[in-house]
Amino acid sequence: MNVLLLAWKVKLPPMMEIITAEQLMEYLGDYILDAKPKEISEIQRLNYEQNMSDAMAILHKLQTGLDVNVKFTGVRVFEYTPECIVFDLLDIPLYHGWLVDPQIADIVKAVGNCSYNQLVEKIISCKQSDNSELVSEGFVAEQFLNNTATQLTYHGLCELTSAVQEGELCVFFRNNHFSTMTKYKGQLYLLVTDQGFLTEEKVVWESLHNVDGDGNFCDSEFRLRPPSDPETVYRGQQDQIDQDYLMALSLQQEQQSQEINWEEIPEGISDLELAKKLQEEEDRRASQYYQEQEQAAAAAAAAQVQQVQGAASPASGRQSGSSERKRKEPREKEKEKEKEKEKEKNSCVIL
């Protein structure tokens, strides 16, 4: 969505500071429907409508994450899945940088043309094989995955820098995250979206110049702009990691849940009726996701309160005892004064 906003293909109302996921999905769905080509052949029209229907069917997954499967042979090479249709339909280039260095022959042989999922299956199969050559090949492939756990290699970074065009707005996939990426004066930059930067209005982009992820922060004009409060940014990034974990769990549960039976939808259904049906399903899933988030946050808050109460109770007891003694002292003094007054009243004056 950020790519479409930066490219002015989708516009939000002025002065809007907060927008919900449901509203974003509505804007995106409207754009897909409005972007339908006008002058195309009948075959192209049918193909586009089929792609649009497939994209609408998985549009709700944008709130939790899309399942894409990289191949290690090129920065634009992915296994074709319904999720990729969304990017094709929106005309947004999708990149990754998890590539095998072609100069390392044994890794090239072990990985081959496999996608990530296929490579994992191959490693399991090779480990169970009686053939020592296959066992060795599986070990090499497993070592490659372990050594490139950041899902970005230096060869991939070089290929990315060459492939992305100057000023191009695209999406970069890494570690199950989709980041908005652009290229400015030959350098790649990622749009900063972590919660830790909510109060850092001047921090907009982060350079992508190594595989370790410690890039330089820049403003909207790509001038260096370090965060004003690194500690706050760090805490915000940790909160973002926690939310990403919850989102991953939600995605896993969603994949296991029952999907809409699209075969039962009538063929003659209009785009508006289809959009309404998809919106209802999307709202249901979003509501379930946010409920899970709230429950997790409430459980964490309750645990923290219990810890605080447990630590504070002994001190509270001592403090109350001290206050009780302080209250008793004034009362005893008042009683003594009353006794003295009674004595004065009852005493006789001898002349």
Side-chain angles (χ1 to χ4, degrees), residues 1-4 21 24-25 28-29 31-33 35-36 44 46-100 111-125 141 144-145 148-149 151-153 156 159-160 163-164 169-181 244 247-265 274-275 277-278 281-282 285-286 289:
M1 191 65 179
N2 285 326
V3 172
L4 297 177
L24 281 176
M25 293 302 102
L28 189 58
Y31 174 78
I32 291 177
L33 294 175
K36 183 178 179 180
Q44 290 175 326
L46 293 174
N47 184 54
Y48 183 86
E49 290 180 352
Q50 180 62 47
N51 289 339
M52 184 173 65
S53 177
D54 294 340
M56 287 291 193
I58 53 96
L59 199 60
H60 64 275
K61 292 184 179 181
L62 290 175
Q63 296 187 55
T64 53
L66 295 178
D67 182 21
V68 297
N69 195 15
V70 304
K71 288 193 172 184
F72 307 96
T73 54
V75 293
R76 293 292 305 272
V77 184
F78 294 83
E79 181 183 1
Y80 185 79
T81 59
E83 283 79 358
C84 295
I85 296 176
V86 176
F87 297 96
D88 294 339
L89 201 62
L90 297 173
D91 195 25
I92 297 178
L94 178 62
Y95 292 90
H96 74 91
W98 201 0
L99 301 187
V100 172
V111 175
N113 194 39
C114 292
S115 66
Y116 172 78
N117 291 342
Q118 292 171 340
L119 187 60
V120 171
E121 293 176 359
K122 179 179 179 179
I123 292 172
I124 296 173
S125 176
F144 167 73
L145 293 182
T148 58
Q151 297 187 6
L152 178 64
T153 62
E159 291 295 309
L160 271 175
V164 178
L169 287 169
C170 54
V171 171
F172 176 59
F173 177 74
R174 181 185 184 187
N175 288 333
N176 295 326
H177 279 70
F178 295 89
S179 304
T180 300
M181 184 169 63
D244 291 341
M247 188 173 293
L249 289 178
S250 177
L251 178 60
Q252 183 179 6
Q253 293 174 358
E254 180 182 349
Q255 291 174 343
Q256 295 172 353
S257 64
Q258 184 178 2
E259 300 288 343
I260 296 178
N261 190 358
W262 297 100
E263 296 179 356
E264 296 180 357
I265 296 180
L274 177 61
K277 189 173 184 64
L278 290 169
E281 177 65 15
E282 173 189 322
R285 295 178 185 274
Y289 166 69

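These numbers come from a predicted model, not from an experiment.
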Beyond-backbone contact of [X] with [Y], side-chain heavy atoms, under 4.5 angstrom:
X: Phe72; Y: Val77; value: no
X: Arg76; Y: Pro93; value: yes
X: Val75; Y: Val164; value: no
X: Leu99; Y: Leu160; value: no

Using the side-chain contact (heavy atoms from CB on, under 4.5 Å) rule, take Leu89 and Tyr48 through it: C-alpha gap first, then chi angles, then the decisive distance, then the call.
CA-CA 8 Å; Leu89 201 62; Tyr48 183 86; 3.4 Å; yes
Test Glu79 against every option in Asn69, Val70, Val68 by the side-chain contact (heavy atoms from CB on, under 4.5 Å) rule and name the one that passes.
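Passing option: Asn69.
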Atom [atom1] of [X] and atom [atom2] of [Y]: how far apart are they, to the nearest 0.5 Å?
X: Phe78; Y: Tyr95; atom1: CZ; atom2: OH; result: 10.0 Å
X: Tyr31; Y: Leu90; atom1: OH; atom2: CG; result: 6.5 Å
X: Leu119; Y: Ile124; atom1: CG; atom2: CD1; result: 10.0 Å
X: Leu152; Y: Phe172; atom1: CG; atom2: CZ; result: 5.0 Å
X: Met1; Y: Met25; atom1: CE; atom2: CE; result: 7.0 Å
X: His96; Y: Tyr116; atom1: NE2; atom2: OH; result: 13.5 Å

Do you know the tightest heavy-atom contact between Val3 and Cys170?
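Where Val3 meets Cys170 most closely, the heavy atoms are CG2-O, 3.6 Å.
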Ring-ring centroid check Phe87 Phe173, cutoff 6.0 Å
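Phe87 vs Phe173: aromatic centres not under 6.0 Å.
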Between Thr148 and Phe144, is there a donor-acceptor pair closer than 3.5 Å when you use the side chain of the first and the backbone of the second?
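Yes, Thr148 side chain to Phe144 backbone: donor-acceptor pair under 3.5 Å.
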Examine distances only and state if a side-chain atom of Gln151 and a backbone atom of Asn175 form a donor-acceptor pair shorter than 3.5 Å.
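Side chain of Gln151 to backbone of Asn175, a donor-acceptor pair under 3.5 Å: yes, one is there.
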Using the side-chain contact (heavy atoms from CB on, under 4.5 Å) rule, take Leu33 and Met52 through it: C-alpha gap first, then chi angles, then the decisive distance, then the call.
CA-CA 8 Å; Leu33 294 175; Met52 184 173 65; 3.8 Å; yes
Hydrogens and angles aside, do Asp54 and Gln50 bring a side-chain donor and acceptor to less than 3.5 Å of each other?
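The criterion, which ignores hydrogens and geometry beyond distance, is satisfied for Gln50 and Asp54.
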